[in-house]
Amino acid sequence: MANRSHSFRMPDKPSLDGIEAKWVDVWDESGVYHFDRTRGREDVYSIDTPPPTVSGSLHIGHVFSYTHTDTVARFQRMNGKAVFYPMGWDDNGLPTERRVQNYYGVRCDPSIPYDPDFRPPEKPDAKRQIPISRRNFIELCDELTVEDEKVFEGIWRRLGLSVDWRHTYATIDDNSRAAAQRAFLRNLARGEAYMAEAPTLWDVTFRTAVAQAELEDRERPSAYHEIAFHKPDGTPVHIETTRPELLAACVALVAHPDDERYRDLFGTTVTTPVFGVEVPVKAHRLADPEKGSGIAMICTFGDTTDVTWWRELQLETRPIIGWDGRIIADPPKGIDSEAGREAYATLVGATVHTARERTVGLLRESGDLVGDPKPITHPVKFYEKGDKPLEIVTTRQWYIRNGGRDEDIRAQLLQRGRELTWYPEHMRQRYENWVEGLNGDWLISRQRFFGVPFPVWYPLDADGNPRYDEPLLPTEAQLPIDPSSQVPEGYTEDQRGRANGFMGDPDVMDTWATSSLSPQIASGWERDQDLFERVFPMDFRPQGQDIIRTWLFSTVVRAHFENGTLPWSTTGISGWILDPDRKKMSKSKGNVVTPVALLEKYSSDAVRYWAASGRLGTDTAMDEGQMKIGRRLSIKILNASKFVMSVAGENADTDASLVTEPLDRAMLAALADVVEEATAAFVAYDHTRALERTERFFWDFCDDYLELVKARAYDTESAEGASARAALLIALGALHKLFAPFLPFVTEEVWSWWQDGSVHAGPWPSAAEYRAVAADGDPAVLAATAEVLRAVRKAKSEAKLSMRAEVEHVVVSGKRAESARAAAGDIAAAGRAAGIDFRATDEGELSVEVTLPPAEEDGAAG
RNA sequence: GGGCGCGUAGCUCAGUUGGUCAGAGCAAUUGCCUUACAAGCAAUAGGCCAGGGGUUCGAGUCCCUUCGCGCCCACCA
């Protein structure tokens with residue numbers, strides 16, 4: 001900045017039009033956002049960018065949170081760090097499957113052979129989906145996600161994200177699959193991953209197991225049915241249930257051990273109505289005497305409490321609901337009577353809903369339904385992406401330990417949460433709550449098609465049954481592998497599915513099992529060790545509050561096991577975007593706003609301005625008014641920059657020694673304060689404060705300082721004029737930089753009018769540097785001067801005069817009059833005052849008397 | 001039932017360890033074509049800081065409590 005003369009290349013009529021396209025191209029060609037991988041870990045700032053789900057559409061909430069991260073990235077880059085800012089795409093899993101089904105009008109049927117010539121129909125018919133092979137289906141998934149990713153990248157570039165586009169990954173690509181499989185094999189080898197056959201929450205629509213983290217409760221209508229069981233002597237025992245259709249799956253009754261009403265029954269048996277099955281009556285602390293009749297029927301399985309009872313009381317297993325949510329063909333053990341079997345036969349193949357009606361009918365016929373069902377509304381567990389209640393089905397699944405069944409691991413993971421720096425701090429509480437509330441390990445297998453397959457085969461015995469306890473594993477060098485098309489060591493393809501042959505594990509991993517490795521995948525773990533050492537563990541994980549229990553937690557789990565460290569030192573949690581009615585925006589509510597139209601209407605910088613005005617962790621209303629203000633600010637920066645440059649003239653000099661006037665020094669002293677505050681705010685992940693302070697200074701700079709020094713700056717003869725011009729340019733450079741993280745396009749535009757290179761390459765402004773130029777500058781001078789100017793304006797405004805009107809005389813008095821005196825000439829010029837006096841007194845802070853010329857008589861001018 | 005966050009001008013929000021903290025912007029109103037900007041500029045008006053108690057010389061700011069809003073978790077016969 002010092003000893004530098006500038007020439008200017010600004011347009012006559014600056015505009016925001018076309019500014020995004022222009023700079024997106026320039027940045028792409030110059031590589032200004034490229035990660036410099038010659039730098040060591042201590043000089044690097046690395047970001048674990050959330051990979052957006054490409055099968056969805058970007059909405060304004062994405063723009064909001066990604067902008068926050070981008071302001072951080074830009075600050076760190078300007079401040080001297082090599083910023084590692086990759087982008088991932090989450091194209092793995094169920095959302096992609098659903099999108100492919102709808103987009104092409106197909107569905108996956110793994111029993112169909114591959115058709116290399118298959119092409120999807122021109123006009124897909126969503127109601128008549130064409131069944132295709134798994135391989136054809138996956139090809140379509142790959143095809144469509146590539147297209148979706150192009151669209152997303154285009155929007156991100158237009159928004160001005162300073163991503164290094166050479167570093168992208170997709171959660172289904174080869175590297176991600178290899179990483180997910182490698183991490184899984186290592187988890188398995190260390191005993192952190194295991195297979196178990198157990199009751200599992202099951203979505204009957206998608207026919208897949210579902211993890212605890214993917215559940216949500218929904219209020220559903222139901223009804224209490226009072227049903228009579230019978231003691232051996234025939235006397236009834238009344239229970240109440242909302243799930244009478246599970247009567248055939250009943251394995252016991254249970255009451256609280258202290259419940260006097262049922263104490264005599266414990267250890268005895270009763271008989272189920274209709275099916276005539278003898279079941280034990282048990283005591284268990286979880287039975288609530290207040291609910292229903294105080295005694296409940298335990299079925300395999302109606303809810304998670306049933307699972308607990310079943311496990312702890314070591315009860316029989318009598319499942320009746322199949323993977324498709326329908327009643328299975330074979331009656332469970334225990335239904336031995338002819339009548340019982342006949343009754344069961346009427347339920348076979350029925351959905352849960354139909355089975356309920358039929359069972360109630362059977363109970364009415366047998367006289368064991370007491371009264372009418374009593375309607376209630378109660379919460380029911382759903383898969384968050386599903387629309388039918390979850391059932392509980394016993395299946396074989398893969399799990400990763402997460403502390404849900406292990407106090408040591410739980411304590412270690414809680415400790416990791418405490419080591420992590422959270423913005424805002426209170427979000428840590430959600431992590432703690434979640435980890436403390438875990439009630440089982442992490443179920444990672446899904447019975448789906450488009451995902452990372454488990455890298456596992458099983459040998460088949462002489463009867464063709466898989467030996468699950470002797471899995472066949474690939475070496476890490478072979479990864480990624482697909483066990484459904486590749487063959488384990490020592491076998492040939494013709495042994496697939498045959499006795500004494502082998503079978504591939506048919507399942508795929510849950511999408512979180514891959515995305516939980518995003519830091520490792522992006523950092524080149526086991527693929528690019530040099531890169532890995534420069535960027536891992538990463539610095540920052542930005543993400544939404546809704547996925548603390550999934551993405552954040554599972555990422556901590558994986559890094560804890562694999563790397564023995566946190567995956568990053570800091571996390572920043574974004575708030576929700578609310579629509580103008582303060583409702584959370586979500587696809588299901590249909591109130592989502594798509595961002596492209598807003599970017600076009602207000603400019604990218606304007607939309608970023610709105611986003612940057614929302615703090616981390618704070619829900620923020622979608623507000624076009626803020627975007628309007630952002631646009632106004634952008635235009636103001638164009639105009640103010642142009643003006644300062646035009647006043648400065650050709651070969652303007654910014655040598656610090658030229659700045660001699662008290663007002664100029666005062667302004668620069670105030671600027672130094674702003675730089676200091678903005679820098680501290682960025683370091684503390686408070687981008688909003690950095691923006692606020694910068695903006696406040698900028699508007700004061702324009703409204704007051706610029707007006708005050710305008711006349712003086714035009715004077716090319718005097719030293720005072722040179723002081724103003726140098727100060728103006730120095731401040732302008734600082735403002736361009738301070739705004740750069742928020743408004744990358746307009747700042748780059750104005751920067752290009754007088755500087756070489758990119759403003760985004762830095763350096764970030766230094767408070768010390770401005771303080772040195774300001775020397776003895778006192779911000780009080782600027783404050784007092786601006787206040788006097790405001791008083792003059794007020795007098796004119798109240799007299800309904802033009803700001804250009806002449807003032808006869810101004811008298812400034814009070815304790816702070818002396819501060820304003822230092823800028824007497826500027827005040828007189830800006831206020832168009834013929835005379836001005838200062839009277840330092842001890843009374844009052846600052847008062848201003850303005851004498852206007854006598855008003856002309858009405859009509860006198862006419 | 002447990003936990004977290006929020007309640008400050010009509011609207012959106014600042015207010016960082018208690019002491020010019022009662023603020024900003026928008027909207028409203030009144031004016032000004034002022035040679036960077038009329039998608040601009042200047043000025044005016046607006047609030048018992050949700051209610052009640054307490055600590056303190058002093059409280060939007062700390063403590064207790066009530067009410068309202070939002071979210072997470074648990075329960076779910």
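Just so you know, these numbers use all the heavy atoms, side chains as well, and skip hydrogens, waters and symmetry mates. Just so we're on the same page: letters track the sequence lines, and every chain starts at 1.
Out of B:C75, B:C73, B:G15, the shortest distance to the side chain of A:R615 is found at B:G15. Closest contact between the side chain of A:S802 and the listed nucleotides B:C26, B:C32, B:A43 involves B:C32. The side chain of A:R430 lies closest to B:C71, out of B:U34, B:C71, B:A42. Here B:U34 is the nucleotide among B:G31, B:U12, B:U34 with the atom lying nearest to any side-chain atom of A:M803. Considering only the side chain of A:W576, B:C71 comes nearest among B:C71, B:A43, B:C75. Taking only side-chain atoms of A:R804, from C-beta outward, the nucleotide of B:C76, B:U34, B:A36 with the closest atom is B:U34. Of the listed nucleotides (B:U44, B:A42, B:A36), B:A36 has the atom at the smallest distance from the side chain of A:N639. Of the candidates B:C26, B:U44, B:U12, B:C26 carries the atom nearest the A:I629 side chain, counting heavy atoms from C-beta on.
Nucleic acid contact for A:A805: none, since no nucleic acid atom lies under 4.0 Å from a heavy atom of the residue. Among the heavy atoms of the strands lying under 4.0 Å from A:R631 is at least one base atom, whether or not backbone atoms are also near.
Residue A:D217 places a side-chain atom within donor-acceptor reach of the base of B:C75, judged by atom type and a 3.5 Å distance cut-off alone.
Aromatic ring pairs are classed by plane angle as parallel below 30°, tilted from 30° to 60° and perpendicular above 60°; the pair A:H736 and A:W751 is perpendicular.
Taking 90° from 0 as the syn/anti boundary, the base of B:G51 is oriented anti.
Phosphate proximity of B:A24 to A:Q626: absent, as no side-chain N or O sits under 4.0 Å from OP1 or OP2.
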Would you mind building the protein contact string for nucleotides 16-22 of chain B? One character per nucleotide, 5' to 3', B for base within reach (heavy atoms under 4.0 Å), S for sugar-phosphate only, - for untouched.
B---B--

